[in-house]
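These numbers come from the heavy atoms of this one structure, side chains and all, not from hydrogens, waters or symmetry mates. Heads up: numbering here begins at 1 and tracks the sequence.
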Amino acid sequence: DPLKSITILGATGSIGDSTLNLIRQHPQKFKVHALTAHKNVRKLAALAEEFQPEKIVIADETLFQENQALFTRYKGECLSGKEAIKKVAAEGDLIVAAIVGAAGLEPVLEAVRAGKVIALANKEALVCAGDLIMDEVKAYGATLLPVDSEHNAIYQVFDFERSESVSKLTLTASGGPFLTRDLNSFSSITPEEAVAHPNWDMGSKISVDSATMMNKGLELIEAYHLFPIEVDQLDVIIHPQSVIHSTVEYRDGSVLAQLGSPDMKIPISYCLDYPNRIETGAKKLDLAEIVQMTFIKPCYDRFPCLKLAMDALKIGGAAPTVLNAANEVAVEAFLHKKIKFTDISKVVEKCLERSDMKAPQSIANLLEIDEKARITTSSLLTELRMD
Ligand code: NDP
Ligand code: MG
């Protein structure tokens, strides 16, 4: 079959949208093998009807049972539950891992253990289990292609044959919607304000992470696992125009960067047809239109989450797993208006203080650490409400 078959885990999300947009543009190159969703059964049904993949999976079993009628015009196989997601994660020529959060970890591991080429958007999987995943990638000969725009940029200009000549990786950050907002008003930030990102159109969790800059912290940890680099060779710079998507500095003083419009179709397309390049329909960069590019050092008073993540990377052991789990619970609570924006970093910090930092020894052990951190965070949320 000349068509590359694609499995999209998290097909109903923002990365899923951009991926399917590219597949629509290139029917002579790609076909859909499987699509998965969590709760958005209506959207999945529409996609199933349009793309007629071999399989679809709804993670939520009850929603699956209640919505059978939606899938009458779909001819393939309907599956449900976590195990079914893990099963399809090991099928297809290329797996797009676009589930949000640690929920994506086990499917990613299945794809890795099947030796697949994986277009990895799900950064939380690498943050919470980077060492274990990378060991398995080596053992099973899998390929991880980074979708995250910064890591994709670095991947495009990183000399893997001469990695000792790389002296520094700098991740660029937009700074999110609150880069210049009065710090005194941070505690009144609403979820609506936090998810309105100035440059990128993304899911709600990553949008809040961008607003706190926890996202950039998670990306530092992600970069540490994806590239042969030491912790002290990783840096962050705020670049509000989002034109330069990250830079690689070599020891001779040369700096290589990848530039482009802030459109996820560009990094996703790079992974979909790697190492070839295809048309994406993304707006081409016009430097004259940009006029100027600015750079600012991040301030930790404004973005304490970035500091917490940098510390977790340095501490190692269970710290990144705990950081990620606590952040997921805190962001969810913020989105449901249960805590203030400024409580996110407080809760994550307290959870780290209360947790054991011993490195996870296995995936089972890691899942326990993750679960324990979620419970600790939930009780911290209760304590906050009683204050
Ligand atoms: P969205 O929230 O838009 O989509 C998340 C997807 O994951 C949806 O398909 C959702 O299903 C599914 N999902 C959520 N929870 C579960 C679960 N427990 N089990 C199975 N599936 C689940 O997120 P994004 O597309 O924005 O982000 C996806 C990942 O890509 C994240 O890790 C993010 O950090 C990363 N990323 C995203 C970027 C972007 O531009 N959006 C940029 C760089 C990285 P449903 O909707 O049906 O409930
Ligand atoms: Mg990114």
Side-chain angles (χ1 to χ4, degrees), residues 123-124 127 148-150 169-224 231-232 234-247 262 292-315 319-320 322-324 326-335 337-353 377 380-381 384 387:
K123 66 189 86 188
E124 294 92 347
V127 170
D148 211 349
S149 59
E150 298 75 5
L169 302 185
T170 303
L171 303 184
T172 51
S174 69
F178 309 132
L179 183 57
T180 56
R181 181 180 172 125
D182 178 7
L183 254 179
N184 294 317
S185 74
F186 265 43
S187 60
S188 65
I189 287 171
T190 65
E192 293 72 24
E193 289 172 318
V195 299
H197 196 277
N199 304 349
W200 302 91
D201 182 10
M202 311 181 286
S204 55
K205 193 264 178 178
I206 184 178
S207 296
V208 175
D209 284 349
S210 299
T212 61
M213 277 192 84
M214 177 60 91
N215 182 50
K216 211 49 53 180
L218 301 179
E219 290 184 353
L220 284 170
I221 302 172
E222 182 186 13
Y224 172 74
V231 172
D232 61 3
L234 287 165
D235 203 2
V236 171
I237 191 86
I238 295 174
H239 163 43
Q241 297 80 13
S242 298
V243 172
I244 298 176
H245 297 304
S246 281
T247 67
Q292 69 167 348
M293 293 201 275
T294 50
F295 303 93
I296 313 157
K297 271 197 166 305
C299 159
Y300 297 135
D301 290 336
R302 186 170 286 273
F303 301 114
C305 285
L306 176 61
K307 180 76 168 59
L308 290 173
M310 288 174 121
D311 289 344
L313 174 60
K314 284 179 198 143
I315 294 163
V322 171
L323 171 96
N324 179 68
N327 182 59
E328 282 188 31
V329 174
V331 169
E332 187 71 16
F334 168 69
L335 284 169
K337 305 196 170 173
K338 298 214 166 83
I339 61 171
K340 291 188 294 225
F341 183 79
T342 42
D343 290 332
I344 298 173
S345 64
K346 287 184 196 156
V347 164
V348 173
E349 184 173 13
K350 284 220 175 90
C351 182
L352 281 160
E353 281 166 14
T377 312
L380 284 164
L381 294 178
L384 257 184
D387 281 352

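Distance CG/D301 to CZ/F186: 10.5 Å, rounded to 0.5 Å. Taken to the nearest 0.5 Å, the CG atom of L306 stands 12.0 Å off from the CG atom of D209. Once rounded to the nearest 0.5 Å, the distance linking CD of E124 with CG of L218 reads 6.5 Å. The OG atom of S187 sits 12.5 Å away from atom CD1 of I339, with the distance rounded to the nearest 0.5 Å. In this structure, the separation between CZ on F178 and OG1 on T212 is 10.0 Å, given to the nearest 0.5 Å. Of the inter-residue distances, the one linking S246 atom OG with I237 atom CD1 reads 11.5 Å to the nearest 0.5 angstrom.
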Side chain to side chain contact (heavy atoms under 4.5 Å, CB included) assessment of F303 paired with L179 | CA-CA 9 Å; F303 301 114; L179 183 57; 4.2 Å; yes
Evaluate the side chain to side chain contact (heavy atoms under 4.5 Å, CB included) criterion for residues K338 and L381: first the C-alpha distance (whole Å), next the side-chain angles of each, then the deciding distance (0.1 Å), finally the verdict.
-> CA-CA 8 Å; K338 298 214 166 83; L381 294 178; over 6 Å; no
Take K123 and N215, measure what side chain to side chain contact (heavy atoms under 4.5 Å, CB included) needs, and give me the verdict at the end.
-> CA-CA 9 Å; K123 66 189 86 188; N215 182 50; 2.6 Å; yes
Kindly determine whether L323 and I221 satisfy side chain to side chain contact (heavy atoms under 4.5 Å, CB included), including the steps that lead there.
-> CA-CA 11 Å; L323 171 96; I221 302 172; 4.0 Å; yes
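Residue D201 places its CG atom among 12 or fewer non-hydrogen atoms of other residues, nucleotides or ligands, all under 6.0 Å distant. With a 6.0 Å radius and a threshold of 12 heavy atoms from other residues, nucleotides or ligands, F334 has its CZ atom above the threshold.
Counting heavy atoms from C-beta outward, V331 and M214 have side chains that stay 4.5 Å or more apart. Two residues are said to be in side-chain contact when any heavy atoms from C-beta on lie closer than 4.5 Å; V195 and L335 meet this criterion. Proximity of P191 to V208: side-chain heavy atoms (C-beta onward) are nowhere separated by under 4.5 Å. The shortest distance between side-chain heavy atoms of I296 and P240 falls below 4.5 Å.
The backbone N or O of E150 lies less than 3.5 Å from no partner atom in the side chain of D148, so there is not a single donor-acceptor pair. Proximity of a side-chain donor or acceptor of N327 to a complementary backbone N or O of V348 within less than 3.5 Å is not detected.
For R181 against R302, the heavy-atom pair with the smallest separation is O-NH1, 2.6 Å. Nearest heavy atom pair, residue P262 against residue H245, reads CA-CE1, 4.3 Å. Of all non-hydrogen atoms in S174 and S242, the two that sit nearest each other are CB-OG, 3.5 Å. Taking all atoms of both residues into account, the shortest heavy-atom contact from H197 to P177 is CD2-CD, 4.4 Å. In this structure, A330 and I344 approach most closely via the heavy-atom pair CB-CG2, 4.0 Å. Closest of all the heavy-atom pairs between M310 and Y300 is SD-OH, 3.1 Å.
Judged as a side-chain hydrogen bond (donor to acceptor under 3.5 Å, both in side chains), not a single pair has a partner in residues 340-353 (not counting sequence neighbours).
Partner L220 forms a side-chain contact (heavy atoms from CB on, under 4.5 Å) with one of L169, L234, V127 and no other, that one being L234.
Not counting sequence neighbours, the partners of E328 by the side-chain hydrogen bond (donor to acceptor under 3.5 Å, both in side chains) test are N324, R374.
Below 30°, between 30° and 60°, or above 60°: for F295 and H239 the angle between ring planes is below 30°, a parallel geometry.
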